[in-house]
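All residue numbers in this chain count up from 1 along the given sequence.
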Amino acid sequence: MTVIDKILNEWSYRCSDGIVDMNNPDKVKILVEILKPLLKEDIDGDILDILINTDASTKEKMLKQLQKSSKDTSKDLQGLLANKKLGLLSKNVIFDAHETGQEDDLVEYLESSSQITLQDLLGNNNLLTLFETTPLNEDFIQMLVDIAGTIGNVAVGRGEVALITLLKGAQKADKGDIVVDGKDIEIKNKSKSSGAILAPEKLKRGSSKDITPLLVKVIENIFTSDEFKKILIDDISKKRTEGGWLTKINSIYKAYLIQNQNGKTKSNFKNEINSIFKNLYGQYAVNVEDYLEGQDFNINKFKLDISKTLAKDYYEEYKFDYILFIDPNLNYAIYDKDDFLKEIGGKIKIGGFSDPLPRLSI
C-alpha cells in the first residue's frame with residue numbers, strides 16, 4: 001500500500017460516514033491531523049494553513065490528484081507485470097505490493113537498470129539472500145516468495161513467482177517454468193517430505209500398492225513351500241520406509257539363495273525380477289544381474305543408475321538450459337545439463353522409491 005493510499009484509507013476510517021471531502025472543514029481538520037507527523041520533517045507547517053484555507057475547487061483537484069496517483073501506480077505495475085506472463089498470479093503480486101506499501105518501489109525497481117540478473121542467480125545459493133539485494137522491504141519479499149498456485153494448467157511452486165517478478169528479463173515460459181534472456185530454467189521445489197520426479201512423461205508414477213502384487217507373484221512363481229511363501233509374503237507386505245520396495249527385492253533374493261541351494265525353487269530369480277523391471281520401466285529397464293553382489297541386491301547402485309537414466313531422458317524431453325533445485329529453506333542449487341547429470345547421487349540426493357520413480361533434491 002502506498003503512502004497516499006494509507007492517508008486516504010486512514011482519513012476515510014476516521015470520517016464518521018467513511019466519505020472523504022476536501023470541502024468539509026471538519027473532515028479537512030481530520031486530514032490535517034493525519035498529515036502532521038508526515039509533514040513535520042520535510043515540509044514547512046504553513047502548508048497546513050494553505051490546505052485548510054484554499055478554495056473549494058482547488059481542494060477538489062487536490063483530492064482527485066491524490067486518488068489518481070494511486071491508480072496510476074497500479075496501472076503502471078499491471079503493465080510491467082503483463083510482460084512477465086504471470087497470468088492471474090500477477091494480481092497476487094499487485095495485492096501484496098499494495099498491502100506492504102511497495103507499489104511505487106516495485107514499479108521503480110522494475111523500470112531500473114539495477115535488477116537481479118541471471119548471473120546474480122548463478123552466483124548465489126539462497127533466494128531470500130538474493131532478493132534482499134533489491135531495495136524492496138522484507139515483508140513484501142516474504143509475501144512474494146510465498147505466492148504459489150497455477151498459471152494456465154501449470155503448477156507454480158514457492159519462490160517461482162518471486163523469481164519471475166524480480167529477475168531481469170524473466171517471464172513465465174510457454175512450456176516449462178522460466179525463461180530468462182532466452183535461457184530456459186526448469187525449477188524443482190522440494191517439499192518437506194519428498195523431492196522432484198525427473199522421469200520421461202511416458203512413465204507412470206504408480207504406487208507401492210501396484211508393486212506389492214508383482215512381488216507376491218514373484219514369490220508364488222519362485223518358491224515351492226506354501227509355508228515359506230506365506231512367511232515371505234507377510235514380510236514383504238509390511239510397510240517399509242527405508243529403501244521402499246527395493247528392500248523387498250533384497251529380502252526375496254536372500255531367501256532365493258537359501259532355498260535354491262536346497263532345490264526348493266521353481267523359477268529363476270533373475271528372470272522374475274527382470275520381468276518386474278520391464279513392467280515398471282519399459283525401455284528404461286535395467287538387468288538385475290548387474291546389481292547382484294554376493295548375497296545382496298545393491299540398492300544404492302540401482303537407485304543411482306535408474307535415476308541418471310530417467311533424468312537424462314527427462315532432459316532430452318524438455319531441453320532446458322539450467323535446472324534449479326530449491327529446498328524448503330529457499331536454499332538452491334542451479335546446474336546446466338552436464339553438471340546436473342554428474343551431480344545426481346552427489347550434491348543432488350536420491351530419495352523416494354515408495355513407487356517406481358526416484359525423487360531428486362538438494
Side-chain angles (χ1 to χ4, degrees), residues 190-200 203-262 264-311 314 343-362:
K190 181 183 185 298
S191 68
K192 291 182 180 179
S193 58
S194 67
I197 295 174
L198 274 74
L203 275 187
K204 302 299 181 185
R205 175 173 173 176
S207 73
S208 58
K209 292 180 181 178
D210 301 322
I211 299 174
T212 298
L214 298 177
L215 295 175
V216 169
K217 186 177 179 182
V218 165
I219 294 169
E220 294 281 2
N221 290 346
I222 289 179
F223 301 102
T224 57
S225 166
D226 288 340
E227 183 179 356
F228 188 82
K229 283 191 284 189
K230 183 180 184 307
I231 293 170
L232 201 52
I233 289 171
D234 287 345
D235 183 51
I236 68 111
S237 297
K238 294 174 183 175
K239 288 185 178 181
R240 301 193 186 192
T241 54
E242 189 66 32
W245 58 276
L246 297 175
T247 61
K248 298 176 182 182
I249 289 181
N250 198 38
S251 295
I252 296 171
Y253 181 54
K254 288 177 182 295
Y256 171 79
L257 290 176
I258 295 169
Q259 294 291 295
N260 193 48
Q261 288 174 353
N262 301 321
K264 295 182 180 179
T265 57
K266 297 181 292 184
S267 182
N268 184 279
F269 171 84
K270 296 174 187 176
N271 293 339
E272 294 293 337
I273 299 301
N274 280 335
S275 177
I276 286 184
F277 287 167
K278 187 68 177 175
N279 184 307
L280 297 177
Y281 297 110
Q283 70 187 76
Y284 305 102
V286 295
N287 189 338
V288 71
E289 192 167 5
D290 295 335
Y291 305 95
L292 301 180
E293 300 174 358
Q295 296 187 339
D296 286 296
F297 168 63
N298 191 329
I299 293 174
N300 289 332
K301 185 173 185 292
F302 172 85
K303 283 183 174 182
L304 181 61
D305 286 354
I306 200 71
S307 296
K308 287 196 171 189
T309 297
L310 298 182
Y314 179 87
E343 289 297 341
I344 294 174
K347 293 179 181 177
I348 301 175
K349 301 178 182 66
I350 303 169
F353 288 98
S354 59
D355 57 54
L357 302 182
R359 308 294 195 276
L360 302 183
S361 63
I362 55 169

> Report the residues that fulfil side chain to side chain donor-acceptor pair (under 3.5 Å) with T265, sequence neighbours left out, ordered by chain and then residue number.
N260

> Students often mix this up, so state it plainly: with edges at 30° and 60°, are the rings of F223 and F228 parallel, tilted or perpendicular?
tilted

> Is the shortest heavy-atom distance from the side chain of V216 to the side chain of I236 under 4.5 Å?
yes

> May I ask you to check whether over 12 heavy atoms, not counting those of E293, lie within 6.0 Å of atom CD?
yes

> Mind listing the closest non-hydrogen atom pair of V286 and F277 along with its distance?
O-CD1, 3.4 Å

> Could you state the interatomic distance from CD1 (I258) to CD (Q295), rounded to the nearest 0.5 Å?
7.5 Å

> Apply salt bridge (Lys or Arg N to Asp or Glu O under 4.0 Å) to residues K230 and D234 and explain how you reach the verdict.
CA-CA 6 Å; K230 183 180 184 307; D234 287 345; 3.0 Å; yes

> Between atom CG of N298 and atom NZ of K303, what is the distance when rounded to the nearest 0.5 Å?
11.0 Å

> Taking all non-hydrogen atoms of both residues into account, name the closest pair between S307 and I350 and its distance.
OG-CG2, 3.4 Å

> Where does the angle between the aromatic ring planes of W245 and F302 fall among parallel (under 30°), tilted (30 to 60°) and perpendicular (over 60°)?
perpendicular

> Evaluate the side-chain proximity of K248 to T212: yes if any heavy-atom separation is below 4.5 Å, no if none is.
yes

> Sequence neighbours excluded, which residues qualify as salt bridge (Lys or Arg N to Asp or Glu O under 4.0 Å) partners of K254?
D296

> Taking the side chain as every heavy atom from C-beta outward, state whether Y253 and I273 have any atom pair closer than 4.5 Å.
no

> So do the side chains of L214 and L280 get within less than 4.5 Å of each other, counting heavy atoms only?
yes

> Can you check side-chain contact (heavy atoms from CB on, under 4.5 Å) on L360 and K349, steps first, answer last?
CA-CA 6 Å; L360 302 183; K349 301 178 182 66; over 6 Å; no

> According to salt bridge (Lys or Arg N to Asp or Glu O under 4.0 Å), who are the partners of K270, at least two apart in sequence or on a separate chain?
E289

> For residues N274 and N287, determine if any side-chain heavy atom of one lies less than 4.5 Å from a side-chain heavy atom of the other.
yes

> Which atom pair, heavy atoms only, marks the closest approach of S267 to Y256?
O-CE1, 3.6 Å

> Calculate, to the nearest 0.5 Å, the distance between atoms CD1 and CD1 belonging to I252 and I219 respectively.
4.0 Å

> So which atom in G352 and which in R359 form the shortest heavy-atom distance, rounded to 0.1 Å?
CA-CG, 3.8 Å

> Judged by atom type as modelled, is there a donor-acceptor pair below 3.5 Å linking the side chain of Y281 to the main-chain atoms of P356?
yes

> Just how far is it from atom NZ of K217 to atom CD of E272, taken to the nearest 0.5 Å?
8.0 Å

> Please round to the nearest 0.5 Å and tell me the distance separating atom CZ of F353 and atom CG of L246.
5.5 Å

> Answer yes or no: does atom NZ of K301 have more than 12 heavy-atom neighbours from other residues, nucleotides or ligands under 6.0 Å?
yes

> How far apart are the closest heavy atoms of S251 and L232, and which atoms are they?
O-CD1, 4.5 Å

> Is F269 close to V288 at the side-chain level, that is, under 4.5 Å between some pair of heavy atoms?
yes

> Without swapping roles, check the side chain of N262 against the backbone of K264 for a donor-acceptor pair under 3.5 Å.
no

> Any non-hydrogen side-chain atom of I222 less than 4.5 Å from a side-chain atom of K266?
no

> What distance do I299 atom CD1 and L304 atom CG have between them, rounded to the nearest 0.5 Å?
14.0 Å

